[in-house]
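Chain naming here is simple, since letters A, B, ... match the order of the sequence lines and numbering starts at 1 in each.
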Amino acid sequence: MKYEFTRIEKKWQKNWEETKSFAAVNDSDKPKFYALVEFPYPSGDGLHVGHPRPYTAMDIVARKRRMQGYNTLFPIGFDAFGLPTENFAIKNKVHPAVVTKKNIATFTSQLKMLGYSFDWDRVIDTSSPEYYKWTQWIFIKMFERGLAYKASMPVNWCTSCKCVLANEEVVNGVCERCGSEVVRREKSQWMLRITDYADRLLDDLDDVDFIERGRVQTKNWIGRSYGAEVDFTTTAGESLRVFTTRPDTLFGATYMVISPEHELLKAWTDKLENLSEVQAYQAAAARKSDFERTEMAKDKTGVRLKGVAALNPVTGGEIPIFISDYVLATYGTGAIMAVPGHDTRDWEFAKKFELPIVEVVQGGDVTLEAFTDCDTGVMVNSGFLNGLSVDEAKVKITEWLTEQKLGEQKVNFKLRDWVFSRQRYWGEPIPMVHCEHCGYVPVPESELPLRLPDVENYETTDEGESPLAAMTDWIATTCPKCGAPAKRETDTMPNWAGSNWYYLRYTDPKNTDALASRDALDYWTPVDWYNGGMEHTTLHFLYSRFCHKFLYDIGVVPTAEPYKKRTSHGMILAEDGQKMSKSRGNVINPNDIVDEFGADTLRLYIMFIGDFEKAAPWSSNAVKGCKRFLDRVWNLAEKPLQGKEFEYSAANEKAVHVAIKKVSEDIENVKFNTAIAALMTLTNAFYENPPSRGDIHALLSLLSPFAPHIAEELWELQGFKGLASQAKWLDYDERKTLDDVREIAVQVGGKLKATVFVPQDSEQDVTQAAALANDKIARLVEGHEIVRVIYIKNKLINLIIK
RNA sequence: GCCGGUGUGAUGGAAUAGGUAGACGUGCCGGACUCAAAAUCCGGUGGUAGCAAUACCGUACCGGUUCGACCCCGGUCACCGGCACCA
């Protein structure tokens with residue numbers, strides 16, 4: 001009989017679904033395992049070949065864990081709110097909820113087609129009111145704890161989406177989604193105080209097992225720096241506070257720079273002799289987008305304030321103050337002390353404006369370039385700091401500043417608070433009411449979910465307000481606190497809101513009293529293994545971990561970290577090595593592969609394609625190779641064999657043990673490609689030495705997580721008990737993975753010259769005798785003295801001759 | 001510019017407590033089966049020289065440590081990803 005993959009795959013998918021083979025149980029005595037993949041955004045295009053890579057990988061892990069006896073939770077859901085759906089709705093005049101429902105149906109059938117062992121009873125949809133009720137609830141809890149606040153601030157405004165974007169949605173000055181220009185615009189926004197958690201988000205990385213690249217990126221993103229704040233007095237009277245990581249260089253501060261937005265400039269309006277020049281610079285800076293400002297980075301601009309100067313607190317010398325847009329209003333105090341001798345940017349600026357450059361750390365030549373090395377220098381020209389190392393000077397000057405009440409130690413972060421409002425329709429309504437008397441008041445919990453009302457038009461208004469702003473009867477409400485007429489918030493939450501906490505919901509997806517029961521959370525969390533794309537390893541993780549830590553602080557979840565282990569997969573590229581994209585027309589549709597070769601072949605190929613963590617180009621030929629492998633397995637195992645299930649043939653015993661070991665270990669180390677290679681090697685061995693029924697049993701057990709349908713079918717044909725996917729994961733015997741006779745490399749002078757066979761664990765004398773008995777070695781050694789022998793048991797012998 | 005990663009046959013990629021480089025797959029070459037082709041099965045396949053045994057060269061490049069280096073150290077180049085005036 002032929003390998004009829006379509007029939008077989010449908011048959012077993014139906015069987016698994018009907019018997020609920022992969023349902024996780026909430027009250028179980030078994031050890032638990034929680035495997036998580038990033039839930040998809042249900043786009044109209046359906047599944048693309050990028051999805052199966054992480055999903056198959058974690059499906060393999062989940063299936064292996066079940067076979068190992070774990071109560072395994074492997075859930076799936078849909079991150080359904082989002083712009084593409086909304087844009088599609090606008091264009092086609094359909095309700096986004098209708099579009100979403102349709103897309104989810106498509107995704108569901110595609111995911112089932114690939115035979116994933118998801119627990120389909122736990123599917124969640126972030127756009128359903130039953131779900132977003134809790135997204136809103138979390139927001140209210142944050143508001144109650146002072147973590148959500150409204151602030152007017154310059155935001156990134158996409159001129160095309162008419163929407164405020166978070167910093168991370170702006171890529172190279174253009175909108176990440178539509179590519180249009182992004183400008184700065186002042187707007188009142190809901191913000192989340194993620195910066196309160198900066199230290200913990202950084203420090204707790206030590207407690208989890210995350211892919212190193214992601215860990216480093218997160219650290220850079222949070223950007224913690226240690227330093228000091230220092231007050232400089234000014235001739236205008238007000239003191240000017242700066243943040244510096246190099247307080248040791250205070251004696252070298254020869255000027256100061258403040259950002260164009262600095263608030264002291266308002267106070268100094270009367271005193272500035274060149275006010276119009278200053279204001280012109282401010283106006284020019286305000287017109288520039290963030291991108292343009294950084295584009296100008298090479299060439300420093302600025303204006304010296306006339307009429308106001310500062311005093312260096314240690315030297316007492318009068319130093320000029322500049323405004324320049326190389327100083328950011330949003331970092332530190334928006335002002336710096338400039339030490340051109342020891343900071344590259346200050347050095348450039350000083351050169352341009354012909355400002356004095358003073359050396360305070362010896363070791364470089366500050367007339368040529370800034371000397372920024374902190375490890376080797378010695379303090380000079382620095383009064384009481386002279387002769388100290390940089391580190392000693394930092395401590396001493398900080399103590400001095402603290403004593404003199406001129407400053408103090410300070411830690412700063414690059415991380416900013418999180419802009420949490422979107423002026424869009426297809427998102428969770430922010431459950432807040434604005435009352436003239438009481439200010440912002442949360443919608444009472446009993447009224448959650450605050451449902452998204454139906455609107456006529458999904459486009460933002462020209463003022464950039466959400467479509468909800470046009471819903472006057474929905475907006476008009478009463479203050480939950482005082483009962484006076486009040487207005488609803490019309491902004492919605494960003495995409496990230498729903499994905500912040502979705503892994504918690506899977507543990508108890510139908511709960512109506514809480515986001516999940518405490519019992520379910522205690523049992524299932526934290527997630528044991530979470531795999532997803534590199535693109536989410538920084539921001540989604542930061543937001544999600546922040547949210548989790550908050551829930552931990554208010555006693556909702558039992559652990560401080562949500563995810564124990566994070567791995568990440570590389571992208572699947574098109575056959576030409578380019579990114580797959582509709583515009584390039586090089587997209588591979590998984591449906592086509594499944595139709596032509598079957599889901600098992602697709603799963604196998606996508607895992608065999610290369611190093612899991614690296615990008616890999618698609619290859620149609622290599623897909624055929626995987627199909628060929630399954631054909632070979634089929635032809636080998638199709639006819640029922642006689643014999644015992646757990647008895648390996650003498651000829652294949654070693655190969656089976658080696659394969660069990662290799663596959664077991666490789667799955668844990670995300671080396672799926674070599675695990676599959678090991679299965680191919682085992683199959684090749686069976687073509688040399690006909691397999692026993694037990695040999696086939698082992699092969700099918702190992703193959704089952706990778707290509708589950710064919711494994712089930714052959715399992716049944718062989719008459720093995722139960723389902724292959726519910727079989728026990730096999731153990732191996734280390735001793736049986738080794739040969740009794742070992743092939744030893746024989747080197748002469750470090751170069752490989754021959755190999756010899758000796759019994760396992762032979763001592764040096766035996767191996768050396770065997771080596772010297774080899775004709776070639778004997779010839780090489782003849783007439784020479786063996787001065788040294790390096791012997792590595794079971795591996796190599798190296799004869800050094802003179 | 002800073003941070004991180006990668007560089008191995010025609011090709012996707014294996015192999016790191018330093019110990020037989022190229023597993024497995026693709027492609028290609030040859031053979032069997034076939035009227036023929038496909039499919040399948042068997043064999044070969046890093047380069048140079050040689051009929052051959054064999055020798056020499058080979059993991060981006062230059063150098064070092066070592067009996068021995070894809071692996072460790074110093075330097076250079078190229079590509080990929082992240083951040084980008086963060087004081």
Side-chain angles (χ1 to χ4, degrees), chain A residues 172 212-221 223-225 227 242-247 249 253 256-257 259 290-291 293-300 324-328 330-339 342-346 348-349 412-416 534-535 537-538 570-571 577 604-605 608-611 613-626 628-629 631-632 635 662 671 673-684 687-688 743-755 775-776 787-792 794-801:
Chain A
N172 290 331
E212 187 57 23
R213 273 185 291 165
R215 188 194 299 271
V216 171
Q217 277 175 30
T218 303
K219 279 187 183 172
N220 292 343
W221 191 271
R224 177 163 62 193
S225 5
V242 302
F243 171 72
T244 178
T245 55
R246 296 292 305 274
T249 62
M256 301 185 78
V257 187
S259 71
D290 268 344
F291 181 63
R293 273 175 81 148
T294 55
E295 273 293 274
M296 302 297 162
K298 312 131 209 162
D299 194 24
K300 299 237 178 325
S324 172
D325 61 10
Y326 87 87
V327 173
L328 307 175
T330 46
Y331 182 78
T333 63
I336 61 159
M337 65 176 209
V339 185
H342 306 283
D343 180 279
T344 312
R345 294 149 306 176
D346 297 343
E348 284 167 19
F349 192 87
N412 254 313
F413 298 92
K414 285 189 195 176
L415 185 70
R416 307 293 154 78
M534 261 330 277
E535 70 275 21
T537 309
T538 310
M571 231 189 312
L604 213 52
Y605 173 62
F608 188 61
I609 192 166
D611 184 335
E613 295 185 345
K614 286 192 210 141
W618 186 265
S619 161
S620 304
N621 272 329
V623 177
K624 286 181 204 151
C626 289
R628 202 171 289 165
F629 164 63
D631 281 331
R632 279 164 69 81
N635 293 335
K662 183 78 179 149
K671 299 258 177 205
N673 52 340
T674 49
I676 292 167
L679 292 171
M680 291 172 168
T681 306
L682 183 64
T683 304
N684 291 345
Y687 270 76
E688 271 179 45
E743 188 177 12
I744 305 293
V746 184
Q747 297 184 340
V748 176
K751 288 202 170 189
L752 179 74
K753 294 296 175 186
T755 60
D775 288 351
K776 189 174 165 188
V787 292
R788 193 178 157 196
V789 178
I790 290 113
Y791 181 59
I792 312 288
N794 293 329
K795 285 226 153 157
L796 158 150
I797 186 161
N798 184 6
L799 309 170
I800 314 301
I801 57 175

Remember a base hit wins even if backbone is also touched, and classify [X] as base, sugar-phosphate or nothing at under 4.0 Å, heavy atoms.
X	result
A/Gln217	sugar-phosphate
A/Asn798	base
A/Ile792	base
A/Lys795	sugar-phosphate
A/Gly332	nothing
A/Lys624	nothing
A/Ile800	sugar-phosphate
A/Thr244	sugar-phosphate
A/Asp346	nothing

As a quick check of understanding, evaluate side-chain contact (heavy atoms from CB on, under 4.5 Å) for A/Phe608 and A/Met680, giving each step before the final call. CA-CA 11 Å; A/Phe608 188 61; A/Met680 291 172 168; 3.9 Å; yes
Rounded off to whole Å, could you give me the CG-to-C1' distance for the A/Asn684 and B/C42 pair?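 Those two atoms, CG and C1', are 12 Å apart.
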Separation of A/Leu752 atom CG from B/G68 atom P, in whole Å?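 For the pair A/Leu752 CG and B/G68 P, the rounded distance is 15 Å.
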Is any side-chain heavy atom of A/Met337 closer than 4.5 Å to a side-chain heavy atom of A/Asp346?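 No, their side chains stay 4.5 Å or more apart.
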Please check if the side chain of A/Tyr326 supplies one atom and the backbone of A/Val257 the other of a donor-acceptor pair under 3.5 Å.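 Judged by distance alone, no pair lies under 3.5 Å.
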Whether A/Arg628 contacts B/C41 is assessed here as follows: a side-chain N or O lying under 4.0 Å from the phosphate OP1 or OP2. Is that the case?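 The answer is no; no side-chain N or O of A/Arg628 sits under 4.0 Å from OP1 or OP2.
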When you get a sec, tell me which of B/A15, B/A87, B/G12 is the closest nucleotide to the side chain of A/Lys671?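 Among the listed nucleotides, the one closest to the side chain of A/Lys671 is B/A15.
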Ring-plane angle category for A/Tyr605 and A/Trp618, please: parallel below 30°, perpendicular beyond 60°, tilted otherwise.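 A/Tyr605 and A/Trp618: perpendicular rings.
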